[in-house]
Amino acid sequence: MATEPESKEIHVNATEKRVIAAAILFTAACLMLIAYATWGLGINVPTCVPGTKAFDHGSITKHGNKNYEIHFLAKMWGFEPRQVRVPAGSTLDIFLTSKDVTHGFQVAGTNVNLMAEPAVISNARVHFDKPGRYTIVCHEYCGSAHQNMSGMIEVSDQISDISAEGLPSPEAGRKILEDKGCLACHSLDGTPGIGPTFKGLWGQTTELTDGTTRKVDAEFVREKILNPSENPVKGFEHVMPQLPATQDEIEQIEDYLEGMDRDGTPK
Ligand code: CUA
């Protein structure tokens, strides 16, 4: 004789029901608190690092005498900043993230040994008393030029304040525009030229030859640099040559254009 199949019904006793109800209520309360913090109090809830302006680039902030906060940005295949000079006796708060893949960050001769991962911020505090050159190495295989990926912290008793190399400056983008010859056709001061002036261009809505409109933003500038002859801005000829520009150069140009005041000078 066949036996009855076992019942699949799940029995939840009263205590379990109360626990489940409490968990749901607690979760709902947490979500409501986050919503209240965001919209009611205007507090920025944590977001992904790549969308955070503070970590778009490396930076240096002075917090006190010989007390500095340094944001290092790791990217294929270098660090931003590339080299930092600090006075002996400095304390550095290092914050590190990656723009692309996972990198390593080890400061030789110290106990700083971090991973630079996209969307994650790693942090270490280090104090330097002894003058010397401390090499930063990427100790995580990150691609074809991994072995060349390094940086430097130089500690000196001859200087009184921090300085750095390899941080983007507003002028860097302008220099690229000059070097590539862009300014021959695009003025910075509003003078009409063969191409549209860069003055006040960023953020504007511009009409293209085919009648569509586009906002001048990072995506638009990138498209125009990489593929200039397609659908130019209305009223301009298809004469812009394609210019070899690296990802980095395009970003510096964009940073410069974005930072330009309406009168053409960088902020
Ligand atoms: Cu970066 Cu190896």
Side-chain angles (χ1 to χ4, degrees), residues 46-63 67-86 90-128 130-156 162-173 175-176 179-180 218-219 221-222 225-226 244-256 258:
T47 177
C48 261
V49 179
T52 309
K53 199 79 189 157
F55 283 91
D56 275 357
H57 291 292
S59 67
I60 283 173
T61 311
K62 185 173 180 172
H63 284 307
N67 191 341
Y68 306 99
E69 177 177 325
I70 306 179
H71 291 190
F72 279 97
L73 183 72
K75 54 185 180 179
M76 291 181 214
W77 285 279
F79 297 103
E80 212 183 277
R82 183 172 61 241
Q83 172 155 15
V84 181
R85 254 178 236 99
V86 296
S90 290
T91 301
L92 309 184
D93 280 304
I94 292 171
F95 292 87
L96 169 75
T97 191
S98 165
K99 194 172 183 172
D100 34 52
V101 299
T102 302
H103 297 276
F105 185 98
Q106 184 169 24
V107 186
T110 72
N111 59 4
V112 177
N113 185 346
L114 301 170
M115 297 305 290
E117 292 172 83
V120 174
I121 299 168
S122 311
N123 161 242
R125 170 172 283 188
V126 58
H127 182 80
F128 287 105
K130 227 173 101 202
R133 287 162 68 83
Y134 300 80
T135 307
I136 304 167
V137 289
C138 174
H139 56 66
E140 176 75 17
Y141 182 75
C142 56
S144 59
H146 155 74
Q147 71 279 2
N148 300 331
M149 185 164 169
S150 67
M152 177 70 69
I153 297 175
E154 197 183 325
V155 179
S156 165
I162 195 167
S163 67
E165 278 169 29
L167 284 179
S169 73
E171 283 306 308
K175 178 131 195 338
I176 294 166
D179 292 349
K180 292 194 181 289
E219 197 190 331
V221 169
R222 175 177 308 267
I225 292 171
L226 296 176
T246 64
Q247 182 83 7
D248 224 45
E249 287 171 335
I250 294 173
E251 277 172 24
Q252 293 193 58
I253 290 171
E254 288 168 351
D255 283 346
Y256 175 71
E258 186 178 7

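Residues take their numbers from the sequence shown, with the count starting at 1. Remember, it's 1-based here, ligands and their atoms both numbered in the order they're listed.
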>> Going by the rule ring pair (Phe, Tyr, Trp, His ring centres under 6.0 Å), which residues pair with Phe105 if we only count those two or more places apart in sequence or in a different chain?
In response: Phe72, Phe79
>> Test your reading of the model: is there a side-chain donor-acceptor pair from Lys180 to the backbone of Pro244, 3.5 Å cut-off?
In response: yes
> Does Thr97 reach the main-chain N or O of Val120 with its side chain, forming a donor-acceptor pair under 3.5 Å?
Replying inline: yes
> So what's near atom 2 (Cu) of ligand 1, protein N, O or S atoms under 2.8 Å?
Replying inline: Cys138 SG, Glu140 O, Cys142 SG, His146 ND1
> How about Asp93 and His63: does a side-chain donor come under 3.5 Å of a side-chain acceptor?
Replying inline: no
> Taking 4.0 angstrom as the limit, do Lys99 and Glu80 come out as a salt bridge?
Replying inline: no
>> Using every non-hydrogen atom in the two residues, find where His71 and Pro81 come nearest and quote the distance to one decimal.
In response: O-CD, 3.6 Å
